Each structure stands twice: as C-alpha cells, then as structure tokens.
Amino acid sequence: MENVEIAHILGKYADLLEIQGEGLFRVLAYRKAARTLESLSQQVAQLLAEGKDLEELPGIGKSMAGHIQEIIKTGTLKGLKKLRKEIPTTLDELLEIEGLGPKRTKQLYEQLGISSIKELERALDSDKVDSLRGFGQKSVEKIRQAIQNLGKRPKRFKLLDADQLVRPLIEYLRKGGNIEQLEVAGSYRRRMETVGDIDILAASDNPQPVMQRFQSYPEVERVVAAGATRGTVILRSGLQVDLRILPRRSYGSALHYFTGSKAHNVAVRKLGVERGLRVSEYGVFRVPEGKRAEDVGVEEGERIGGAKEEDVFRAVNMDSVPPELREDRGEIQAAQKHKLPDLIVLEDIRGDLHMHSKWTDGNGTIIEMARACKERGYQYCAITDHSKAVRVAGGLSAEDFKRQREEIEDARTKVLGITIFTGCEVDILPDGSLDLPDDVLEQLDVVVAAVHAKMDMTQSEMTKRVLKALAHPAITILAHPTGRLINHREPFAIDLEEIFHAAKRTQVVVELDAQPDRLDLNDLHLFRAREIGVKIAINTDAHSTGQLRFMRYGIDQARRGWLEKRHVLNAMAQPQLEMWLKQRRQRFDKAAAL
DNA sequence: GCCGTTTTCGGCCCGACTGTTTTCAGTCG
C-alpha cells in the first residue's frame, strides 16, 4: 500500500472526527501523521518490513503507529468504519465546498439532516438554510456559488503554467507604484512541481492603492476577499492569487511565513516558543513577561527582527534554509547542525544528455540543437532520437542511426566549441529487451533507455521489465522512470526502490526529466535515490531549441530532492564525463566478451 | 494523539477576512 493511500485514510478519519466534534488537537494529530507519511521518501510498509520503528517518525506515537500498521494489514481502520456508521459517508464531501468547514457541516447535518451535496442544493432552494443560526442570505448565496465552482477550476497548476500567469501580474503590480518590495512566496517560491494557488507578498507603506490595483487587474474574474492588507482573487485561468501587504520592517518574516510550507513554519515557530519568542509574519518578538499569549498585540514585545528573512532563522539558531527544502523533511535539524546540502544551481550544469532532432519528433536540426546548447554555455550535448518502436515519433532503425552518425560528424565540424555526443533514446520493449541491436548501441556515446508503451503492466511485471533492461551493459541512462504526465497520466506501477538499488549496482544513471509536465523523478524519489547513492542526470528531453530552457525546472526539482552538484552526471566537466563514458564502454566490451 | 533536560500533564503556530454577531465564531491559509 502506498504512503499516500494510508495518508488519505488518516486524513479522512481526521475529517470525520472533526465533524463529530472531536477535540481539535486529536484531529490535528491525524493530519500531521498523514503529512509525515506523504513526505516520506520510502514506503512505510517497507520500513515496517525492515523492522524500523515508526514511532521515530515525527508526529507518530504509539497509537498512530498501531493505526498505520492496521491500515497496511487490513486496508482500513476499525475506528473509521465505526465512525462511518455514526456519520453518513457522504458528509465529508461537504467539506470540499469553499466556506463550509466542520462546524457548519455538522450543523447542516444535525439540524437539517443534510448529508450530501445534492441534499444541500435542495435545501438551499428552500429557505431552510438561511434560517439556521450563523447562516444568512449571503452565506446561502456563497455556498450556492461554491457548489457551482466545485471541480470547475483545475486543482493544481503546473509550475510552468503558473510562471506564465504570474509574470505579467507581477509586472502590472510593480507598474502601479507604492511598492517597495515584491515577491511571489508559497509553493511557487518553493518550486513545487505544481501549485494550488499563488501567494504574492508586497512591502508598502501605502497598501490601499496596491490592493485596489490588484483587484482591477484585467485578468481577474472575481474578487473573493479584499481587506486592508490581504486580498484574494480568481483569475480567468482559474488560478487563485492571494496578495498580502505589510510594512517593510515585517517583509522578511512575512516572506518566510508565506513561503511555508505550513509544516516547516509550525516547526520553526515551535523553536521560537521554546526560546520565549513569538514568530509571526510581523516579525520575531520577545514575549513580554507575565502576559498571556492571547493578550499580546501582534507587534508587542521587543522586536528581534523581521525585515530580512534571515532574521527568522537567526532568531532560532538555524542556518538559512533554501525555500525548496522547507517541507519539514529534516531541513530544520540539518540547519541547526549546519549540515544543509550545498544545492545544485543551474550554472553547475555542463550539458544536456537527452534531446531530439528533426530525425524523429524534434523541431530542430542537429546543428541547431548543438548551437543552442553552446549558446547556453554547455560543454557538451547528446542527440538521442527515438528508436523504431516509437512509431508516432518516427523512431529510427539501426540503419537510420548509422546515417545519423554521419550527420553528427558533419555537425561536429560546423559547431565548434561543444562536444556533440551520438546517442539514442532506445525503447525498453515489454519483455525488457532493447529496441536496437547491440552492435548499434555499442557505437553510441550515450544510450538513454525508456518505457513508452504497454504501461499498464502490474508492478512486478514492470519492475522485472526495467530491471532486465538495466542489466544490459549498453545503457547509460534510464529516462523518465515512472512515465507520469502531470495532471494527465498517472505514473505506471513500478518498484523504484528495487530499480534504484539495481541502478546503483549496475551504475546506470537515472534521469530527472525536466519537461514541466513530466518532472520525472519527483522530489521524494530524488531524495531516496540520493540516499541510496544513485547518480542522477538532469535532462530536458527537448524537442526544440526553446525547450532547452526547461533545464531550470529540472534544477528546481533536483533542489527539492536535496541534490548537490556531486550527485549529478551532467554537472561533470567534459573531460571527466568522457572518462566516465569510456569506462562504461569498457564495461560493455567486457560483458560482450563473456 | 503527540511530545518533553524547565514538563509524563498540559501544552499544542498565528493571524486576516467575512458574515452575522451586538462582541464573535467559523473558515482559511
């Protein structure tokens, strides 16, 4: 059973407990445990099998560990079944409705017997709902609207799409003036592969005109909320944008706060509390003696800092944590011990080892691709067109690759100052064999192997298939290992843990495909690959010269996976890489001789 | 339900906005 499935059950249980009126902290404990599971880089079922103690995980104690074991064993929770008998199973779907939380959901159920969205809609049409205490005509209208909006807007936006929507908005806000500093925070700043909404932070002494301008941005479809310092709008694209405006003295602490993640913030604030500090978006303050926390004003007490983000980290004795790491996945402890990783940056990349040309489904010629790589400052690139099994892409035969080699040799004489490697993206066929004969493969500098068809195998079949391919001595890189397309196609079933161990044994490099809709491997996979000691190649899989810029998204994802320059194959300088590839060929020759 | 060299009991991050409320609860991030 997958961690996310277990987390989902725990989360569901928390929802129902909350509706039932269970103490909030017990509810939060289940949510925290769910979050912990979601951010593990290994399957919890496997940790158990290895005899690991789950109670060592944050937010998981004796009884939670028991719950988790029960879910793995039985697929569900007894307590959840019991709750389901007391509360209609459809009740938690009401929580999906914007503006409806546990309290009002409970009220609707207990006082009107409403337990599904359908029943709620009927009740809204009569005047039953607005006669309830706490509900008025406006609430009824808002709920009605929220039901209509359900499922209408995309749940999460790919980072590339968010980039394109955010850039003009930022420009528009800046042009309006009255802004001293402006930044996009939230999951966007943490460079998550997808973002649910956009959080913009501005420093201003005159917030009113800024908020005004924000609401009148031409792309705004509707204004959800607009206060003095905080506003929320939905753009025509469906993207929700929050703007928060604070004075400059609070900008750093606010940036930290709104960058999140929530789990990271909770952990940092807790460290603050232990030191008698109050950490909020307004700054870091020493809590005045003898006052109850709830009686203290937001800016009361001695101000320790807040203008700069570093102030927050310094106040709790930590090194500054790069946004990409702020997920409470160990970065707090690492920052306290001065052991944060030295994360890879775009400038560390020396070349791109997976791209297509006009020979198959790419738009650029070999010369154009090589030239574009050179312009990016790369020392090398590899042309890796599809093999014949990928019919739709016009995959090449063994004969085609021999002819392509002549063109590459010609390009080498025309584009100087960059090494152009020969290569291919060879299909891993359903039986695990490769789609090109060995004598072709052994002539190529870089062999990228990937699954493109028959992705509906069982996990054990798919794992066997890829393991067989990994055992082939010709393979340099395993490309997009899970085959997922964000928001479009689920990853195929495969046991990556086993794949990583095999890749480490056979010294096959595993790819992080930087296409914004692939980003395959994901951050947790990368973290685990790093732990196991697998080398990673960050490649764009570019199908045009323009797509070479996707390297940036690969770097973002790699940083989220704690990768450093030393973990990345194509951060190697050209001579070292040539040496590395040479050793690989020797291994191939040795295997062939056996 | 979790957690702890100040605690094994009593805390648990902190604040804005909205609507309905005559002073605050609910929801959200």
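What you see below is based on every heavy atom in this structure, not just the backbone, and it leaves out hydrogens, waters and symmetry mates. Convention: sequence-line order gives letters A, B, ...; per-chain numbering from 1. Owing to the predicted nature of the structure, the values given are computational and were not obtained by experimental measurement.
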Classify the nucleic acid contact of A/Val279 as base, sugar-phosphate or nothing, counting any heavy atom under 4.0 Å across all strands shown. sugar-phosphate
A/Glu56 has an atom CD; how far is it from atom C1' of B/dC2, in whole Å? 15 Å
Go through the side-chain N and O atoms of A/Ser261 and A/Arg326 and say whether any donor and acceptor fall under 3.5 Å apart. no
Using a cutoff of under 3.5 Å, can you pull out all pairs of nitrogen or oxygen atoms linking the protein to nucleotides 19-22 of chain B, with atom names and distances?
unit_1 : atom_1 : unit_2   : atom_2 : d
B/dG19 : O3'    : A/Ser139 : OG     : 3.4
B/dT20 : OP1    : A/Gly136 : N      : 2.7
B/dT20 : OP1    : A/Gly136 : O      : 3.4
B/dT20 : OP1    : A/Ser139 : N      : 3.4
B/dT20 : OP1    : A/Ser139 : OG     : 3.1

Once base and sugar-phosphate atoms are separated, protein heavy atoms under 4.0 Å mark nucleotides 23-29 of chain B, 5' to 3', with B, S and - as ---SSSB
Given the ring of A/Phe135, does A/Arg104 sit roughly above its face, with NZ or CZ under 6.0 Å from the centre of the six-membered ring and within 45° of the axis? yes
Calculate the interatomic distance between A/His67 atom NE2 and B/dC2 atom C1'; express it in whole Å. 12 Å
Whole Å only: how far is the CG atom of A/Leu246 from the P atom of B/dC14? 17 Å
Any side-chain N or O of A/Tyr282 below 4.0 angstrom from OP1/OP2 of B/dA16? yes
On DNA chain B, nearest-nucleotide positions of A/Val273 versus A/Ile60: which is more 5'? A/Ile60
Once you apply a heavy-atom cut-off of 4.0 Å, does A/Leu57 come out as touching a base, just sugar-phosphate, or nothing? sugar-phosphate
Scan A/Ala267 against the nucleic acid and name what it touches under 4.0 Å (heavy atoms): base, sugar-phosphate only, or nothing. nothing
Checking all strands, does A/Ala33 fall into the base, sugar-phosphate, or nothing category for heavy-atom contacts under 4.0 angstrom? nothing
Within the distance-only criterion (no hydrogens, no angle test), does the side chain of A/Arg559 pair as donor or acceptor with the backbone N or O of A/Ile344 below 3.5 angstrom? yes
Test A/Gln557 against A/Glu193 for side-chain hydrogen bond (donor to acceptor under 3.5 Å, both in side chains), laying out the working first. CA-CA 7 Å; A/Gln557 183 89 319; A/Glu193 57 193 30; 3.1 Å; yes
Separation of A/Leu24 atom CG from B/dC13 atom P, in whole Å? 10 Å
Between A/Tyr251 and A/Glu309, does any side-chain donor sit less than 3.5 Å from a side-chain acceptor? no
Whether the A/Ser204 and A/Asn178 side chains hold a donor-acceptor pair (N or O, under 3.5 Å, no angle test) is what I'd like checked. no
What's A/Thr229 touching, base or sugar-phosphate or nothing? Going by heavy atoms closer than 4.0 Å. sugar-phosphate
State whether a side-chain donor-acceptor pair under 3.5 Å links A/Asp197 with A/Tyr188. no
Hey, which of these two, A/Asn265 or A/Ala226, hits DNA chain B nearer its 5' end, going by closest nucleotide? A/Asn265
Contacts of type salt bridge (charged side-chain N to carboxylate O under 4.0 Å, His left out), residue A/Arg190, not counting sequence neighbours: A/Glu327
How many Å lie between CD1 on A/Ile245 and P on B/dA16, as a whole number? 14 Å
Of A/Glu281, A/His264, A/Lys308, which is the lone residue that meets side-chain hydrogen bond (donor to acceptor under 3.5 Å, both in side chains) with A/His256? A/His264
Looking only at atom P, what distance separates B/dT8 and B/dT18, rounded to whole Å? 44 Å
